[in-house]
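Below is one structure, written out as structure tokens; comments come after it.
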Amino acid sequence: MRTRVLIAGLAAIGLVAGCAPAQNTPAASGGDEKSGTVRVWLFDEANRAPKEAAVKEAIAEFKAAHSGVEVDVQWIPVEGRADKFSGAFNDPASAPDVAEFGNTDVSSYAATGALADLTGDLSSWQEGADILPAVLETAKSGGKTYGLPWFTGIRALYYRTDLFAELGLKPPTTLAELTETAKTIRARKPELYGISVGGKYTYAMLPFLWAHGGEIAKQEGDKWKSTVDSEQAKAGVAAYANLLKADICPPEQCANLTGTQSIQAFAGGKAGMSIGGDFNRKAVEAGQVKGKYAIIPIPGTETGKIAPAFAGGNLLGVFNATKRKSLAVEFTELLGGAKYQEKMYVAMGNLPTLGSVQQKVAASDPSVKPFVDTLTAGTKFVPATAAWSKIDAQNVLPTAIQQIATGGKDPATALATAAAEMNKAFG
């Protein structure tokens, strides 16, 4: 998941990382009343007004089509979502009918038994076939679909066009060129970071890991095993950690940077490049580099290749405890449908999950193309297990990155430790 006050992250995000613990209380059975109030939880935003306006329009349309029905929206702070959702898992009476949550939380939330399986509902939904397959996979756990993908968060490479012109640089076409370009910028403009990235920016590191042929983990039967200590993964993580060096982005300044802080440095004119999401464009436009930047997909290890990006994003799901199952599903499909995905794109810059809407906005806004191209080239996701929330909350991978960047441990040792910690969480 990603968020703006956040994300990542998911998070933003980022993308928001899941951290609500799975509960073992049995899921409450709901009902299918056709009137009353549909309770909805949506994430709050730093600038909520445009999102709220789009949601209010959807509510008005829904109420007009359903006599005797009200919709009550509660805005949930992203930072406090863990306690809020845990409370709903433990006390179904306090649960909403519909809720927004990050796709990295799917497995841990599904494990509680509190979320409704929407597989059949989305299969019969008129717009369901338009959901991009790779994005739909991020809504699944154990073969079941627990949410309607509302928007997706894809990261790409932001770079300063004015600075590149001044220094005679060209956009990098490989990850190796990206590193060399960052070094050149830092050498000739020592007041700037060659590229602003951080040790706590997992979702910027993952394209490096995946581009080098590595994986986070592999599934063996019903269990997961970490593979971050493989040779390919070590090469990718080391390549990313090498950006957190004195000649690019000094570790004493960058080792603790998050995704939000990394993009803030770029927006503030303090870096020649950065890795940011489609959801970061409004923040960049509001910064000092407005009109002086461009975006390209993160390159792969070979010219012409695009590094796989993390498929972040948020979902709309339905709680099993709802007393108004049909109404909850209908509102979810309205708010998550083409009309309001496009309105949310205009309001917040959210990248749609429906293929037709995504192509429409890309045609009207060239800055969307790098993200669509990245999504089309193929994205990847975190292990679909509730254990990922624990691994993410414990900062297992950021710790390894920081250790490598600061010279505290070599890549092999740092990632062997990370793999052992991950396997402990996987069980």
Side-chain angles (χ1 to χ4, degrees), residues 1 10-11 15-27 82 85-86 89 101-119 133-147 202-203 205-237 308-313 315 317 320 378-401 403 411-427:
M1 170 186 186
L10 176 170
L15 296 206
V16 173
C19 59
Q23 307 298 318
N24 296 317
T25 52
F85 275 85
S86 291
F89 298 152
F101 52 92
N103 58 14
T104 55
D105 287 332
V106 170
S107 291
S108 60
Y109 286 7
T112 68
L115 297 181
D117 175 10
L118 299 182
T119 305
V135 176
L136 185 60
E137 285 299 313
T138 70
K140 296 180 179 180
S141 180
K144 297 178 180 181
T145 305
Y146 289 98
T202 302
Y203 299 118
M205 177 276 291
L206 289 177
F208 287 72
L209 182 152
W210 287 325
H212 283 81
E215 297 289 348
I216 301 173
K218 63 179 179 180
Q219 191 169 13
E220 299 177 341
D222 60 351
K223 291 190 176 183
W224 287 85
K225 181 179 180 180
S226 175
T227 54
V228 297
D229 54 349
S230 72
E231 292 303 317
Q232 297 93 330
K234 282 189 287 187
V237 176
F310 166 69
L315 316 172
N320 271 325
T379 58
K380 288 180 177 289
F381 196 55
V382 296
T385 166
W388 177 254
S389 293
K390 183 177 181 180
I391 293 167
D392 200 40
Q394 292 176 341
N395 291 313
V396 173
L397 291 178
T399 297
I401 295 168
Q403 290 171 337
T413 303
L415 291 172
T417 300
E421 293 177 358
M422 289 174 68
N423 287 334
K424 183 179 179 180
F426 287 141

Next on the checklist: Tell me every residue that passes ring pair (Phe, Tyr, Trp, His ring centres under 6.0 Å) with F208, counting only those two or more places apart in sequence or in another chain.
Outcome noted: Y240
Checklist entry - Does the pair K140/E137 count as a salt bridge with the N-to-O cut at 4.0 Å? => result yes
Item to check | For V237 against M205, the heavy-atom pair lying closest together | outcome: CG2-SD, 3.8 Å
Checklist entry - Roughly how far, to the nearest 0.5 Å, is the CZ atom of F310 from the CD1 atom of I216? => result 8.5 Å
Checklist outcome for this item: Value for OG1 (T379) from CG (L206), rounded to nearest 0.5 Å, stands at 12.0 Å
Item to check | Geometric class of the F101/F85 ring pair [parallel <30°, tilted 30-60°, perpendicular >60°] | outcome: perpendicular
Item to check | Backbone of G147 reached by a side-chain donor or acceptor of N103 within 3.5 Å | outcome: no
Validation: residues 412-426 side-chain donor-acceptor distances under 3.5 Å, sequence neighbours left out:
| residue | atom | partner | partner atom | Å |
| --- | --- | --- | --- | --- |
| T413 | OG1 | D410 | OD1 | 3.2 |
| T413 | OG1 | D410 | OD2 | 3.0 |
| T417 | OG1 | T413 | O | 3.1 |
| N423 | OD1 | S226 | N | 2.7 |
| N423 | ND2 | A419 | O | 3.2 |

Checklist entry - Angle class for the Y109/F89 ring planes (parallel below 30°, perpendicular above 60°, tilted otherwise)? => result perpendicular
Checklist entry - Closest approach of D117 and T119, non-hydrogen atoms and distance? => result OD1-OG1, 2.5 Å
Checklist entry - Is there a donor-acceptor contact under 3.5 Å from the side chain of T227 to the main chain of A217? => result yes
Checklist entry - What distance do L118 atom CG and K144 atom NZ have between them, rounded to the nearest 0.5 Å? => result 11.5 Å
Checklist entry - K234 and E231: salt bridge (Lys or Arg N to Asp or Glu O under 4.0 Å), yes or no, with the steps? => result CA-CA 5 Å; K234 282 189 287 187; E231 292 303 317; 2.8 Å; yes
Checklist entry - Can you list the steps and then say if W224 with K218 is a side chain to side chain contact (heavy atoms under 4.5 Å, CB included)? => result CA-CA 6 Å; W224 287 85; K218 63 179 179 180; 5.6 Å; no
Item to check | Which atom of A235 lies closest to which atom of H212, heavy atoms considered | outcome: CB-CD2, 4.0 Å
Next on the checklist: Can you tell me how far apart CG (L209) and CD1 (I401) are? Round to the nearest 0.5 Å.
Outcome noted: 9.0 Å
Checklist entry - Once you round to the nearest 0.5 Å, how far does CG of N320 lie from OH of Y146? => result 8.5 Å
